[in-house]
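One structure below.
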Amino acid sequence: MSAEPRINDRIRVPEVRLVGPSGEQVGIVPLAKALELAQEYDLDLVEVAATARPPVCKLMDYGKFKYESAMKAREARKNQAHTVIKEMKLRPKIDPHDYDTKKGHVVRFLKQGDKVKITIMFRGREQSRPELGFRLLQRLASDVEDLGFIESNPKQDGRNMIMVLGPHKKKTEAMAEAREAQAARKAERQGVTAHDDEPADDVAEAAAEAPAEAPSEV
């Protein structure tokens with residue numbers, strides 16, 4: 001079935017409860033009278049509550065209403081926050097450089113408002129030293145505590161140990177901050193461009209104001 005409401009001549013009931021263009025209650029009127037008023041206001045008669053008895057209809061510009069509804073839905077989809085779980089894998093005896101690199105990725109994910117699943121992978125004899133993985137996870141959580149918190153405590157899962165970090169900021173907040181930062185960078189670039197153009201303008205202005213050089217005598 002179509003989700004579109006019935007409008008104008010497609011409405012087939014003897015009478016309707018009519019709502020005016022500004023939301024005022026007109027009352028129950030014959031369908032013919034409602035259609036007459038719609039034509040008088042140069043608007044559409046739109047059925048907004050088909051299951052009511054009698055159905056509720058409103059006078060409106062249906063084309064404008066559909067356009068505005070589509071724009072609102074588009075904006076809502078644009079700002080919709082999707083929960084994303086990123087994953088980062090580490091070894092118990094990870095070297096300092098690799099650790100800093102992995103931590104940098106975790107920081108970036110948390111700043112974006114995403115959760116991060118940290119997996120410590122044990123191999124061979126490392127499986128007999130789970131405390132190494134536990135200490136590494138605790139260290140990482142401590143290093144990024146200003147951005148995230150331990151949402152799921154470290155737990156052993158076969159040869160792996162897993163911990164989940166959650167961001168302090170909500171996804172919507174992170175998205176808003178990212179848009180603001182992007183706008184600020186754009187404004188800064190435009191300001192630099194305008195500033196770079198100023199010296200050339202100043203030179204031209206100075207040249208225009210300078211007195212003409214008198215001709216030399218022979």
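Just so it is clear, the model here is predicted, and its values are computed rather than measured.
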Linking I/L/V/M/F/W/Y whenever any side-chain heavy atoms sit under 4.5 Å apart, do Leu18 and Tyr62 land together? no
What is the minimum heavy-atom distance between Asp44 and Ala38, and which atoms define it? C-CB, 4.2 Å
Any Arg12 side-chain heavy atom under 4.5 Å of Leu31 side chain: no
Counting C-beta onward and ignoring hydrogens, is there a side-chain heavy-atom pair between Pro92 and Met161 closer than 4.5 Å? no
Do you know the tightest heavy-atom contact between Leu165 and Ala141? CD2-CB, 4.2 Å
Pro130 and Gln127 have their tightest heavy-atom pair at CD-O, 3.8 Å
Can you tell me if Asp114 uses its side chain to pair, donor with acceptor, with the backbone of Lys86 under 3.5 Å? no
Could you walk me through whether Leu132 and Glu126 pass side-chain contact (heavy atoms from CB on, under 4.5 Å), step by step? CA-CA 8 Å; Leu132 295 177; Glu126 293 175 346; 5.8 Å; no
Indicate if Val26 and Val56 have the same hydrophobic cluster label, given that clusters are the connected sets of ILVMFWY residues with side-chain heavy-atom separations under 4.5 angstrom. no
Gln112 side chain reached by Phe109 side chain, heavy atoms, under 4.5 Å: yes
Could you check whether any side-chain N or O of Ser69 sits under 3.5 Å from a backbone N or O of Phe65, counting only pairs where one atom can act as donor and the other as acceptor? yes
In sequence, state the C-alpha distance, the side-chain angles, and the governing distance for Val16 and Ile28, and then conclude on side-chain contact (heavy atoms from CB on, under 4.5 Å). CA-CA 5 Å; Val16 299; Ile28 297 176; over 6 Å; no
Side chain of Lys102, backbone of Lys89: donor and acceptor closer than 3.5 Å? yes
Output the distance between atom CG (Leu43) and atom CG (Asn8), rounded to the nearest 0.5 Å. 10.0 Å
Decide whether Met88 and Tyr99 are clustered together by the hydrophobic rule: side chain heavy atoms of Ile, Leu, Val, Met, Phe, Trp, Tyr closer than 4.5 Å, transitively. yes
Could you check whether atom NZ of Lys103 has more than 12 heavy atoms from other residues, nucleotides or ligands sitting under 6.0 Å from it? yes
Correct closest heavy-atom pair for Pro55 and Glu15 would be CD-O, 3.9 Å
Can you measure from CZ (Arg53) to CZ (Arg17) and round to the nearest 0.5 angstrom? 12.5 Å
State whether the side chain of Arg159 and the backbone N or O of Met121 hold a donor-acceptor pair below 3.5 Å, judged by distance alone. no
Check this for me: Arg108, atom CZ, are more than 12 non-hydrogen atoms of other residues, nucleotides or ligands nearer than 6.0 Å? yes
Output the distance between atom CE (Met60) and atom OG (Ser22), rounded to the nearest 0.5 Å. 12.0 Å
Interatomic distance, CD1@Ile11 vs CD@Glu47, rounded to 0.5 Å, equals 5.5 Å
Any chance you could measure Ile162, atom CD1, to Gln156, atom CD, to the nearest 0.5 Å? 9.0 Å
Would you find more than 12 non-hydrogen atoms of other residues, nucleotides or ligands less than 6.0 Å from Asp95 atom CG? yes
How far apart are the C-alpha atoms of Ile118 and Leu136, what are their side-chain angles, what is the distance that settles it, and do they pass the side-chain contact (heavy atoms from CB on, under 4.5 Å) test? CA-CA 10 Å; Ile118 312 296; Leu136 182 58; over 6 Å; no
Please determine whether side-chain contact (heavy atoms from CB on, under 4.5 Å) holds for the pair Phe134 and Ile120, giving the CA-CA distance in whole Å, both sets of side-chain angles, and the decisive distance to 0.1 Å. CA-CA 9 Å; Phe134 182 80; Ile120 305 294; over 6 Å; no
Taking CG in Asp42 as the centre, count heavy atoms belonging to other residues, nucleotides or ligands within less than 6.0 Å. Is the count above 12? no
Measure the CD1-NZ distance between Ile7 and Lys66 for me, rounded to the nearest 0.5 Å. 8.0 Å
Side-chain touch Val48/Val19, heavy atoms, less than 4.5 angstrom: no
If you group Ile, Leu, Val, Met, Phe, Trp and Tyr by side-chain heavy-atom gaps below 4.5 Å, do Ile150 and Val164 land in one group? no
Side chains of Leu35 and Gln39, heavy atoms from C-beta outward: is any pair under 4.5 Å? no
Using a cut-off of 6.0 Å, state whether more than 12 heavy atoms not belonging to Glu87 lie near its atom CD. yes
Between Glu131 and Arg129 (salt bridge meaning N to carboxylate O under 4.0 Å), is one present in this structure? yes
What residue pairs, at least two apart or across chains, pass ring pair (Phe, Tyr, Trp, His ring centres under 6.0 Å) with a residue in residues 136-191? Phe149-His168
